[in-house]
Amino acid sequence: MTDALRSAGLSTEVRLAIAEIAGASGAWCPTLAPTGDRVAYVSDRSGLPRLEVATLEQQTPPAVLSGPGEEVVSVAWSPDGEWLAYLVSPGGSICAQLWAVRPDGTERHLVAGEDPRSTVFAGGWTAAAGHYVCSIAPGDGPDADVVLVDVVSGARRALATGGFLSVTSVAADERTVLARRGPRGHRHVVLVDVPTGAQRRVIPLGDPGGRASEDGRFAPDGRAVYLRAGLPGLPDVPRSDRTALVRVPLDEDRAPGRGEVLVSRPDADLDAYAVRADGTVVCVWNADGCTELDVRDLADGTLRHTVPLPQPVMPGWSLSPDGRTLLAELTGPLSPRSLWLVALDGEDTAVPLPSTPRRPDVHLLVTPEHRRYPAADGTELDGWLYTPPGVHGPNRTVVSFHGGPEGQERSGFSPVAQSLVAAGLTVFAPNVRGSGGHGAAFMAADDLAAREASFDDVVATVEHLVTAGIALPGQVGAHGWSYGGYLTLVALTRWPELFAAGATLAGMSDLRTFFAGTEPWMAAASVTEYGDPVADREMLAALSPMTALGRLTAPVLLTHGDRDTNVPVLESIQAHQELTALGAPAELVLLRGEGHTIVGRENLVHLSERVAEWFDRWL
């Protein structure tokens, strides 16, 4: 491509299309009022995520309850209907605050997180009026405590300490707590006796689901605990590393007994569940990246019926008080996140809320194709292929890596991918090893020293695209967010001949400085994923693209939110400084007021346009 063509830039038509795609608004994190007639949720229709409350029929405009400029993360309605608790990301920071407000918008006040170093993690309301339980990391070490807050008086009481504890449930008498603890890949649910502080694993190692467990909840009668757990393959349990629903009985002293697998599938992970009073359980499955919803008998796991969904991915939902309907947050490749009322029993109906935010013109969007392909060692990989309209042969192609690395590329709305397609570029979003949604073994296949071998999936992905006649050799780009940004830099430094350009968003350039600069609790949780920053320092150096930037030949666009403390903004700044010193073509874009995730509409449009312009220029 000549320099004249590279400087031509995107056409006005393409820029307008990107503005509409990336500027689309959404609604998410729904929570129904106990009366079932109102809903609170997060919406970015104003250009920034804020808390809104509306009636289900929405005959009047939604009311905005969060304060001016507050970036709202999530919301939960109290069981008595008197309060809404919501998390705020101050200025894009990962160090969230907890706020409370009355449903009519009065008495809004800060509940926890006033120290800018501390981070509040969402929990839930307890049975006692005005009591909300959450986890708080003070920011001076790796731990997080479970804290009970009275939202009226402001009184706080630590319920559980010792380790990084993410609260999942509190007993009705507030004397026992269920919390998840442990680093990435080794998380498990513990039962905490509040008076003594003693912690016990709900599922001991060797018991069904003993390897990892999440989302523990007390049964309504308090005599058991339900949780999602992996299956270790005992003699009486079919071998599977898929996540299943497990029930653990509690004796009179609330000591856990032997776990029993209630519901499992060999081809899908249980993403979420809700036990209903009629003896059934609502199961939310992740099957090949798509959400499948069904209702099963709690006693033996028998399938009662499936529940069709109008969009392929359901990231969030709220069950109605009677358990007959749920308010679903749904998304698909042609639809940003929006809210739907879904009937669960005997009715094939899903109705969108009238205030569903504006969607972009569907003619500007494409539906991706799900593709499977082999890694070099025969491991099956998969991904989603976005092809521009009218393209039927090899084309300029961008390989887009997701974050995590435990994240998963799914068939939801992707403004950056769709913006690249609008610019005429093919996009392939792979799930290389280390991704979620494919079982525990696949997700752990890039941990520690195994990460070195996992990089080969990058080469296998490009070879598949070229061999299949999708990508043009010499005109392939690499793009990624967070860990995907790190993997992009790895790809550009290790296989410079494969990629003509790269673009990162909030990517790590050096694992050693990542550990030094990220939040202390994040660093402690990441040791099992990447390695120990002291004992494994040499391995971390070898795995860091910062130590090999001299091999990079492709132009690189580095983008980062300037308030990011998850992957500190220094990671992009130091890479840009080093590349500039080496004389390499590199540009740095810092997005003001943004954290690890870009949420402001103007910044998201600007980011999408810059990335599309970058690859259009260099591919």
Side-chain angles (χ1 to χ4, degrees), residues 9-29 41-52 62 64 66-74 86-94 96 331 335-338 355-361 364-365 400 403 412-423 425 479-482 484-485 503-507 557-567 569 572-573 576 587-617:
L10 302 175
S11 69
T12 300
E13 181 181 8
V14 170
R15 292 183 188 277
L16 290 173
I18 291 174
E20 180 165 350
I21 292 168
S25 57
W28 60 94
C29 194
Y41 54 91
V42 182
S43 171
D44 63 351
R45 73 176 79 244
S46 68
L48 191 73
R50 59 184 185 176
L51 169 60
E52 296 185 359
V64 179
S66 51
E70 288 181 353
E71 182 182 312
V72 179
V73 179
S74 63
Y86 65 101
L87 286 188
V88 169
S89 174
S93 170
I94 196 175
T331 182
S335 173
R337 293 177 290 180
S338 57
S355 70
T356 293
R358 178 187 62 82
R359 301 178 182 180
D361 184 346
L364 299 175
L365 309 174
S400 182
F413 183 68
S414 175
V416 173
Q418 297 284 3
S419 295
L420 288 167
V421 171
L425 297 152
H479 167 263
W481 169 71
S482 192
T504 71
L505 171 60
L557 175 67
L558 300 147
T559 61
H560 218 120
D562 67 357
R563 295 295 304 274
D564 191 355
T565 60
N566 183 338
V567 173
V569 66
S572 289
I573 293 175
H576 179 254
E587 292 185 17
L588 175 66
V589 175
L590 299 182
L591 300 166
R592 292 189 60 186
E594 298 285 0
H596 195 55
T597 302
I598 310 305
V599 299
R601 179 165 300 120
E602 289 185 5
N603 280 328
L604 186 55
V605 171
H606 179 61
L607 170 69
S608 301
E609 185 176 292
R610 284 299 303 269
V611 171
E613 188 176 50
W614 186 261
F615 285 115
D616 181 66
R617 175 186 179 190

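The structure displayed is predicted, hence computed values, not measured ones. Below, all heavy atoms of this structure are taken into account, side chains as well, without hydrogens, waters or symmetry copies.
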(message) Once side-chain hydrogen bond (donor to acceptor under 3.5 Å, both in side chains) is applied, do any residues pair with Glu609, and if so which ones, sequence neighbours excluded?
(response) Arg15
(message) Rounded to the nearest 0.5 Å, what separates atom CD1 in Ile598 from atom CG in Asp564?
(response) 8.0 Å
(request) Measure the shortest side-chain to side-chain distance between Asp361 and Glu20 over non-hydrogen atoms and say whether it is less than 4.5 angstrom. (result) yes
(message) For the backbone of Gly485 and the side chain of Thr504, can you confirm whether one donor and one acceptor N or O come within less than 3.5 Å of each other?
(response) no
(request) Quick one: pull up OG in Ser89 and NE2 in His596 and give me the separation to the nearest 0.5 Å. (result) 12.0 Å
(request) Looking only at non-hydrogen atoms, find the nearest pair between Thr331 and Pro336 and report the distance. (result) OG1-C, 3.9 Å
(request) Give a yes or no on whether the backbone of Ser25 and the side-chain of Arg45 come within a donor-acceptor separation of less than 3.5 Å. (result) no
(request) Could you list the residues that satisfy side-chain hydrogen bond (donor to acceptor under 3.5 Å, both in side chains) with Ser572, not counting sequence neighbours? (result) His560
(message) Tell me the closest heavy-atom pair linking Ser338 and Arg359, and the distance in Å.
(response) OG-NH2, 3.7 Å
(request) Kindly give the heavy-atom pair with the smallest separation between Glu52 and Pro62, and that separation in Å. (result) OE1-CB, 3.6 Å
(message) Using 0.5 Å steps for rounding, measure from the CD atom of Glu13 to the CG atom of Leu364.
(response) 9.0 Å
(request) Search all heavy atoms of Cys29 against all heavy atoms of Val42 and return the closest pair with its distance. (result) CB-CG2, 4.1 Å
(message) Would you say that Leu365 contacts Pro360 through its side chain, given a criterion of any heavy-atom pair below 4.5 Å between the two side chains?
(response) yes
(request) Spell out, as yes or no, whether a donor-acceptor pair under 3.5 Å connects the side chain of Asn603 to the backbone of Arg592. (result) yes
(request) Using the test side-chain hydrogen bond (donor to acceptor under 3.5 Å, both in side chains), find all partners of Ser93 that sit at least two apart in sequence or belong to another chain. (result) none
(request) Working to the nearest 0.5 Å, report the span between OH of Tyr86 and CG of Leu51. (result) 6.5 Å
(message) Test of understanding: with side chain to side chain contact (heavy atoms under 4.5 Å, CB included), list the residues that count as partners of Ser608, not counting sequence neighbours.
(response) Ile18, Ala22, Val416, Ser419, Leu604
(request) Would you mind reporting whether Val599 and Glu594 have side-chain heavy atoms less than 4.5 Å apart? (result) yes
(request) Please assess Val88 against Ser66 for the test side-chain contact (heavy atoms from CB on, under 4.5 Å), listing each intermediate value before the final yes or no. (result) CA-CA 9 Å; Val88 169; Ser66 51; 5.9 Å; no
(request) Check Ser335 against Phe413 and note the closest heavy-atom contact, atom names and distance. (result) O-CB, 3.3 Å
(message) How long is the straight-line distance from CZ of Phe615 back to OG of Ser400, given to the nearest 0.5 Å?
(response) 8.0 Å
(message) Any non-hydrogen side-chain atom of His479 less than 4.5 Å from a side-chain atom of Trp614?
(response) no
(request) List for me each residue that meets side chain to side chain contact (heavy atoms under 4.5 Å, CB included) alongside Thr559, sequence neighbours excluded, and say none if there are none. (result) Leu505, Leu557, Val589, Leu607
(request) Work out which heavy atom in Ala423 is nearest to a heavy atom in Leu10; give both atom names and the distance. (result) CB-CD2, 4.1 Å
(request) State whether the side chain of Asp44 and the backbone N or O of Gly26 hold a donor-acceptor pair below 3.5 Å, judged by distance alone. (result) yes
(message) Using the side-chain hydrogen bond (donor to acceptor under 3.5 Å, both in side chains) criterion, which residues pair with Arg563? Sequence neighbours excluded.
(response) none
